[in-house]
Amino acid sequence: MALHVILGAGGVIANELTRELVKNGQQVRLVSRSPRAAEGVTDLVAADITDYAQTRKAVTGAAVVYLCAGLKYDRKIWGEAWPAIMENTINACKEANARLIFFDNVYSYGLVNGPMTEDTPYNPCSVKGEIRAKIVMRLQDEVRAGNITATVARAADFYGPGADKTGFLNILIIDRFRKNSSAMWFGKDNVTHSYTFTPDAGAGLYRLSQDESSWNQVWHLPTFNPAPDGKGYVEMIARQMQVKPKYMKLGSVMLTLSGLFDTTIREIKEMLYQNDYPYIFDSSKFEKHFGYKPTPYEEGVKQTLKNY
């Protein structure tokens with residue numbers, strides 16, 4: 001049986017992928033600094049993947065490696081850690097003769113006029129976007145050279161069950177309504193914004209690992225279109241939670257002031273362009289190839305709320 005190794009286990013996407021692999025009878029190894037057991041998985045490896053020796057040990061025997069690591073939302077940490085993580089993962093996979101799936105975001109695209117597709121050029125307009133572009137181009141150079149078999153799998157911003165620490169819809173709307181507070185929305189509330197439902201991301205990653213024709217490409221993980229705008233998300237969630245759709249908008253000025261006291265908000269400010277302009281994530285390539293229908297937002301919100 002082929003061994004599937006998840007680097008960065010414990011995050012919401014890694015958890016969804018773990019469930020999908022176990023459900024389909026795959027052998028799974030979970031790797032993180034402090035890995036926790038999951039149902040159906042007993043192979044746990046503690047490793048710091050900024051260290052090559054630890055990374056190599058973690059992927060020994062792997063057929064497929066998934067790089068799903070998440071770092072603190074800090075451009076300084078990203079700038080130091082991400083290049084090392086990518087270099088270590090590439091070299092460890094080459095040594096183990098393992099295939100690699102890199103779970104990526106859309107920061108490297110920068111501000112896009114129209115839908116984001118797999119052919120959208122890299123044109124980052126943020127420090128974090130420049131870092132992501134650098135590491136994904138490093139991987140793609142290795143693929144083009146024939147040194148590694150790898151896939152880049154991208155998602156939009158995400159929401160869903162278990163995304164209560166990383167999903168903006170979870171944090172800014174659902175959690176605040178649950179506390180009888182007004183919801184919050186970053187940037188303009190009248191522009192469309194795609195969100196990937198986390199179970200769809202997990203299912204998509206698994207399907208990519210099983211399809212021989214999918215390797216050495218970029219794929220957008222299944223994401224429903226058309227997406228609502230900020231006001232639409234607030235009203236949809238409020239309706240399902242049976243609360244009033246009260247919310248406040250946080251624009252550039254407010255984020256600047258808040259950022260004086262909160263480093264995470266300072267980091268969010270440079271990404272505000274994603275909420276001030278239409279953010280349309282096109283996954284039609286995946287949907288057509290796999291015959292997969294992404295979860296509609298109404299149903300995704302329903303499942304997310306049920307998990308709470």
Side-chain angles (χ1 to χ4, degrees), residues 4-21 26 28-32 35 38 47 49-50 55 58-59 62-73 78 81-90 92-93 98-109 116 118 120 122 128-129 131-140 142-143 148-160 162-163 165-167 194-211 214-223 281 283 285-286 290 292 294:
H4 295 249
V5 174
I6 301 177
L7 301 179
V12 61
I13 301 300
N15 289 342
E16 293 291 353
L17 172 59
T18 301
R19 279 189 280 272
E20 198 71 22
L21 289 166
Q26 301 294 331
V28 182
R29 175 183 296 157
L30 302 179
V31 180
S32 70
I49 57 175
T50 64
T55 308
V59 305
V64 181
V65 173
Y66 306 83
L67 180 53
C68 297
L71 302 178
K72 184 180 178 183
Y73 209 62
W78 280 32
W82 266 122
I85 289 171
M86 181 57 77
E87 199 69 28
N88 291 343
T89 303
I90 288 170
C93 286
R99 296 178 174 189
L100 173 61
I101 296 182
F102 175 41
F103 175 69
D104 197 13
N105 59 29
V106 300
Y107 289 8
S108 56
Y109 293 148
M116 292 175 269
E118 289 85 350
T120 298
Y122 300 148
K128 288 187 281 293
I131 295 165
R132 299 296 291 212
K134 179 181 177 181
I135 63 170
V136 77
M137 287 191 291
R138 173 74 185 92
L139 175 59
Q140 290 176 314
E142 287 287 310
V143 169
I148 191 172
T149 298
T151 289
V152 177
R154 292 198 171 99
D157 290 338
F158 50 79
Y159 77 105
K165 292 183 175 63
T166 48
S194 298
Y195 277 87
T196 302
F197 187 50
T198 51
D200 284 341
L205 289 169
Y206 173 69
R207 280 164 173 75
L208 288 171
S209 76
Q210 298 300 299
D211 189 317
S214 73
W215 290 100
N216 298 332
Q217 299 179 50
V218 174
W219 292 88
H220 282 183
L221 294 167
T223 302
F281 185 80
S283 61
K285 174 186 173 182
F286 186 101
F290 289 96
Y292 190 101

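Less than 6.0 angstrom separates the ring centroid of Tyr159 from the ring centroid of Phe197.
Here the closest non-hydrogen pair linking Ala203 and Tyr292 is CB-OH, 3.7 Å. Nearest heavy-atom pair across Pro83 and Trp78 is CD-O, 3.6 Å. Nearest heavy atom pair, residue Cys68 against residue Ala14, reads CB-CB, 4.3 Å. Scanning all heavy atoms of the two residues, the minimum distance from Met86 to Ile135 falls at CG-O, 3.6 Å. Residues Leu221 and Ala155 share a closest heavy-atom pair of CD1-CB, 4.3 Å. Smallest separation of non-hydrogen atoms from His220 and Met116: CE1-O, 3.3 Å.
Applying the salt bridge (Lys or Arg N to Asp or Glu O under 4.0 Å) test to Glu87 and every residue at least two apart in sequence or in another chain returns Arg138.
Put simply, OG1 on Thr151 and CH2 on Trp219 are 8.5 Å apart, with the number rounded to the nearest 0.5 Å. How far OH of Tyr66 is from CG of Leu21: 4.5 Å, rounded to the nearest 0.5 Å. The CD1 atom of Ile101 lies 4.0 Å from the CH2 atom of Trp215; values are rounded to the nearest 0.5 Å. For the atom pair OH (Tyr109) and CZ (Phe281), the distance works out to 6.5 Å, reported to the nearest 0.5 Å. Note that CG of Leu67 is 9.0 Å distant from CG of Leu139, once rounded to the nearest 0.5 Å. Atom-to-atom distance recorded for Leu208:CG and Arg99:CZ is 12.0 Å, nearest 0.5 angstrom.
At least one side-chain heavy atom of Leu71 sits less than 4.5 Å from a side-chain heavy atom of Ile85. Side-chain atoms of Val106 and Thr120, non-hydrogen and from C-beta on, never get closer than 4.5 Å to each other. Thr198 places none of its side-chain heavy atoms less than 4.5 Å from the side chain of Asn15. The shortest distance between side-chain heavy atoms of Ser108 and Arg154 falls below 4.5 Å.
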Might you work through the side-chain contact (heavy atoms from CB on, under 4.5 Å) test for Phe102 and Thr89, ending with a clear yes or no?
-> CA-CA 10 Å; Phe102 175 41; Thr89 303; over 6 Å; no
Would you check, one step at a time, whether the test side-chain contact (heavy atoms from CB on, under 4.5 Å) holds for Leu7 with Val59?
-> CA-CA 9 Å; Leu7 301 179; Val59 305; 4.1 Å; yes
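Judged purely by atom type and a 3.5 angstrom limit, Glu16 has no side-chain atom pairing as donor or acceptor with the backbone of Asp200. Although no hydrogens or angles enter the test, the distance criterion places no donor-acceptor pair under 3.5 Å between the side chain of Asp104 and the main chain of Ala153. In this structure, the side chain of Asn88 engages the main chain of Ala84 through a donor-acceptor pair within 3.5 Å. Of the possible donor and acceptor atoms, none in the side chain of Thr196 sits under 3.5 Å from a partner among the backbone N and O of Ser194.
With Tyr122 as the fixed residue, the side chain to side chain donor-acceptor pair (under 3.5 Å) test singles out one of Gln140, Lys134, Arg132: Gln140.
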